[in-house]
Amino acid sequence: MNDEPESGEGGGTVDVLIPLGLDQAYSYAVPNGLVLKPGDVVHVPLGPRETVGVVWSQGSGRGGNLKRVTGRVDMPPLDPALMKLVDWVAWYTLAPKGSVLALVLRRQPDDTPERPKLGVRLVGAPPARMTPARARAIAAAEGGLLTGKSALAEAASVSMAVIDSLVDAGTFSVEALPRDAIAAMPDPDHAQPVLSEGQAAAAKELVASVQTAAFGVTLLEGVTGSGKTEVYFEAVAQAIRQGRQSLILMPEIALTAQFIDRFEARFGVRPGLWHSAVTGRKRERLQAAIASGEARVVAGARSALFLPYRDLGLIVVDEEHEAAYKQEDGVSYHARDMAVVRGRIENAPVILTSATPSLETRVNAERGRYTHLKLPERFGGRELPTLGLVDLRQDKPERGRWISGALIKAISDNLEAKEQSLLFLNRRGYAPLTLCRDCGHRFQCPNCSAWLVDHRFRRALVCHHCGHVERRPHECPACHAAESLSACGPGVERLAEEVATLFPQARGIVLSSDFPGGTERLKQELMAVASGEFDIVIGTQLVAKGHNFPGMTLVGVVDADLGLTSGDPRAAERTFQVLRQVTGRAGRGERPGRALLQTHDPGHPVLKALISGDPERFYAAETASREAAGLPPFGRLAGLIVSANTAAEAEGHARALARCADAPDGVSVLGPAEAPLAVLRGRHRVRLIVKTTREVNLQDYLRAWLKRGPKPKGSVRVAVDVDPQSFL
DNA sequence: AGCACGCCGACT
DNA sequence: GTCGGCGTGCTC
């Protein structure tokens with residue numbers, strides 16, 4: 001029966017990939033009686049211990065004295081499509097194959113036995129001694145239904161002790177609650193959505209793409225409130241009708257109760273939820289349900305991409321432009337791109353949704369590789385806010401002030417009308433720079449080249465790059481002049497000071513990621529803002545997305561130029577996206593909204609595109625400016641990260657890489673001069689932008705380069721801005 | 001991922 | 001003189 005009679009091992013040999021940082025599968029002998037095929041999960045000896053691994057191929061074994069496979073693991077085998085995905089992602093990200101396999105195999109260190117949740121049921125006579133609390137508990141359990149113990153206690157507003165006493169009295173029986181269904185069957189016809197004409201047309205196209213069951217990517221573009229979710233739900237419904245699975249990828253923070261409610265309203269059940277907070281047995285059960293095909297719809301963060309779906313019929317990437325899709329530690333990949341690749345491998349249509357599509361996605365849409373569907377209007381007749389620029393050269397705030405006359409007027413009007421205002425400034429702390437008026441000394445981070453940000457509430461100087469914190473001194477450390485330190489520029493804390501001076505009667509709040517009291521308090525405050533408890537919100541990026549503020553009718557962007565001048569090739573794009581998001585916060589309730597953006601450069605193409613309301617204009621402007629700067633077009637970029645211990649070392653590596661990369665035709669490095677030096681936790685990382693033409697396979701080139709050197713001392717990683725479509 | 005080996009800083 | 005820091009290398 002065996003093809004390899006020469007080996008003493010009747011089963012021949014297999015190459016086993018181990019989920020560790022190994023790029024090559026190791027060969028093992030297969031003991032007699034064991035039949036293994038690619039995809040099988042096995043136990044193998046590795047050095048002094050045992051590990052799991054996956055049979056990657058039949059033996060190309062090196063004959064001789066191989067260790068033997070210990071045995072098969074009782075687990076469904078990896079299907080060929082998933083193996084292909086692992087191979088592809090490893091090749092593309094330059095990560096060892098084993099590291100990518102680890103994303104798929106994710107062994108949860110979890111031995112917690114499943115603790116059945118206990119419920120109680122009203123079965124017996126009331127107890128001899130009745131008390132008001134007992135009566136309430138019995139009333140709440142009326143009907144003889146099995147109710148969760150703690151839920152019942154809460155419903156009757158009694159303590160658990162009361163329930164327990166009733167159990168002892170024989171009034172209640174204790175039974176195990178049925179395990180909550182991890183993946184109930186969604187009903188595609190549970191609730192028919194009401195779609196506008198435009199939405200229905202887009203939905204029809206998406207449904208058709210699911211019906212053909214062929215790979216294809218559709219960009220579904222529409223502003224917040226245009227009903228993107230309802231539209232792609234129709235594609236999900238179609239996949240359910242066909243008995244196939246759907247994956248909805250979303251940024252972790254987007255997996256909110258709000259989304260789940262909408263899903264439940266449409267399909268009658270909750271989707272399978274996959275994110276970092278789902279752990280233990282629940283995670284295991286969901287994984288099993290996904291592998292068996294029982295879980296029809298999975299909504300998950302980026303790691304859901306590597307789950308073993310049995311029959312994937314649709315992938316949705318919600319908010320495709322979100323930076324959260326980038327994984328930068330370990331295997332660095334962009335989940336949106338890998339989703340497209342998985343769709344191709346599984347032959348499933350892919351839907352990307354966004355209000356502000358990323359440039360690479362726009363490029364793909366423009367080149368016709370993606371179908372582009374637009375939902376132009378806000379649903380329900382709600383108007384988009386009107387946007388206006390304030391020219392700070394004309395309307396100049398006083399020295400040490402940052403709010404222009406026009407914006408002050410707008411805020412006062414809003415206060416008078418009892419409507420909320422949002423002041424957006426993407427800068428935490430009090431002031432971004434502190435200097436000595438006497439000697440000109442500037443406070444700089446000892447690790448990085450960045451200025452230290454004054455956090456006055458915390459009485460500290462903080463580096464926003466590496467997290468370095470020092471006390472804010474009273475005298476200049478260079479010239480020892482007393483009381484000479486001066487804050488330069490505004491942060492949200494300083495802005496709050498100005499707001500308090502200008503509008504002493506207004507109720508204001510500062511919302512930023514260093515909100516005192518942590519995330520929980522922050523959530524509470526967001527709710528408080530939504531219910532109208534504050535008049536003026538001063539916030540960073542944090543307020544740009546997420547919570548809806550129905551009473552917010554004015555958004556003032558304090559410094560719209562911030563982020564337009566940085567050396568980062570994606571800075572303009574990010575600025576455009578965040579400004580579009582934050583200005584879109586105005587007028588989400590009953591009343592129409594408006595936004596004022598303060599700028600020193602009203603003619604800036606990014607701002608003009610923003611004001612026009614047409615994102616295509618931003619894309620056109622960016623393309624033109626990149627061309628003018630001699631930068632390669634988007635879609636052909638790779639970021640290369642080189643780590644080193646000193647700035648000089650990093651610089652040297654960068655040069656070596658640049659020289660090396662210049663060798664083949666079509667690959668070049670936009671040298672270290674253009675690569676901003678960033679320092680992370682005391683370790684310098686140089687990011688190089690490598691450009692390639694489509695004729696040259698950058699991945700293969702870099703892989704070859706890594707093998708033959710000159711090898712830099714630090715680690716080298718390839719970031720994930722390359723466009724995988726070029727290689728599909 | 002573990003685990004060994006190996007090379008420089010502060011201690012019994 | 002050693003203990004121990006973690007950088008680098010190896011596991012069929």
Side-chain angles (χ1 to χ4, degrees), chain A residues 3-4 6-32 34 36-73 75 78 83 86-87 89-90 93-111 276 279 303 306 327-333 447 466 641-650 652-653 679-686 703 706-717:
Chain A
D3 294 339
E4 312 224 6
E6 97 286 351
S7 149
E9 308 288 346
T13 66
V14 282
D15 291 343
V16 176
L17 188 60
I18 290 144
L20 300 174
L22 300 164
D23 200 37
Q24 282 191 332
Y26 285 166
S27 302
Y28 288 89
V30 183
N32 264 321
L34 193 62
L36 294 173
K37 53 182 194 328
D40 282 339
V41 185
V42 289
H43 274 299
V44 288
L46 182 73
R49 72 216 126 94
E50 288 266 312
T51 351
V52 288
V54 176
V55 177
W56 219 246
S57 58
Q58 292 295 346
S60 59
R62 310 172 309 179
N65 36 338
L66 296 175
K67 291 191 180 177
R68 340 156 109 229
V69 173
T70 315
R72 189 200 253 103
V73 178
M75 203 181 186
L78 261 65
M83 294 172 69
V86 169
D87 283 335
V89 171
T93 60
L94 303 194
K97 272 187 192 175
S99 305
V100 181
L101 181 65
L103 298 176
V104 174
L105 246 51
R106 221 170 259 289
R107 318 267 308 147
Q108 39 269 8
D110 163 56
D111 300 315
S276 55
T279 52
S303 61
F306 293 99
Q327 167 99 63
E328 301 249 76
D329 46 53
V331 183
S332 76
Y333 64 92
N447 309 319
C466 68
I641 304 167
V642 188
S643 302
N645 292 316
T646 65
E649 201 181 311
H653 293 162
V679 185
L680 249 69
R681 303 200 200 301
R683 169 159 291 243
H684 297 252
R685 297 156 97 211
V686 185
R703 203 172 270 281
L706 285 175
K707 284 219 171 87
R708 85 179 128 79
K711 217 175 171 200
K713 257 194 193 152
S715 62
V716 176
R717 296 210 331 253

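Computed from a prediction, not measured in an experiment: that's the story for all the values here. Numbered from 1 within each chain, the chains take letters A, B, ... in sequence-line order.
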**OP:** Report the residues that fulfil side chain to side chain contact (heavy atoms under 4.5 Å, CB included) with Thr70(A), sequence neighbours left out, ordered by chain and then residue number.
**Re:** His43(A), Pro45(A), Glu50(A)
Original post:
Taking atom CG of Leu103(A) and atom CD of Gln327(A), what is their separation to the nearest 0.5 Å?
Top reply: 7.0 Å
Original post:
Going from CD1 on Ile18(A) to OG1 on Thr51(A), what distance comes out if it is rounded to the nearest 0.5 angstrom?
Top reply: 5.5 Å
Please give, in whole Å, the distance from [N] [atom2] to [X] [atom1]?
X: Leu20(A); N: dG9(C); atom1: CG; atom2: C1'; result: 14 Å
X: Asn65(A); N: dC12(C); atom1: CG; atom2: C1'; result: 10 Å
X: Leu66(A); N: dT11(C); atom1: CG; atom2: P; result: 13 Å
X: Leu22(A); N: dG9(C); atom1: CG; atom2: P; result: 14 Å
X: Trp56(A); N: dC12(C); atom1: CH2; atom2: C1'; result: 17 Å
X: Leu36(A); N: dC12(C); atom1: CG; atom2: P; result: 18 Å
X: Leu17(A); N: dC12(C); atom1: CG; atom2: P; result: 15 Å
X: Lys97(A); N: dT11(C); atom1: NZ; atom2: P; result: 19 Å

Subject >> Boundaries of the chain A footprint along DNA chain B (any atom under 4.0 Å from a heavy atom) >> reply: dA1(B) to dG2(B)
**OP:** Show your reasoning for whether side-chain contact (heavy atoms from CB on, under 4.5 Å) applies to Trp56(A) and Leu101(A).
**Re:** CA-CA 11 Å; Trp56(A) 219 246; Leu101(A) 181 65; 3.9 Å; yes
**OP:** List the steps, then state whether side-chain contact (heavy atoms from CB on, under 4.5 Å) holds for Tyr28(A) with Val42(A).
**Re:** CA-CA 11 Å; Tyr28(A) 288 89; Val42(A) 289; over 6 Å; no
**OP:** Just do the side-chain contact (heavy atoms from CB on, under 4.5 Å) check on Gln58(A) and Val14(A) with the steps written out, would you?
**Re:** CA-CA 5 Å; Gln58(A) 292 295 346; Val14(A) 282; 3.7 Å; yes
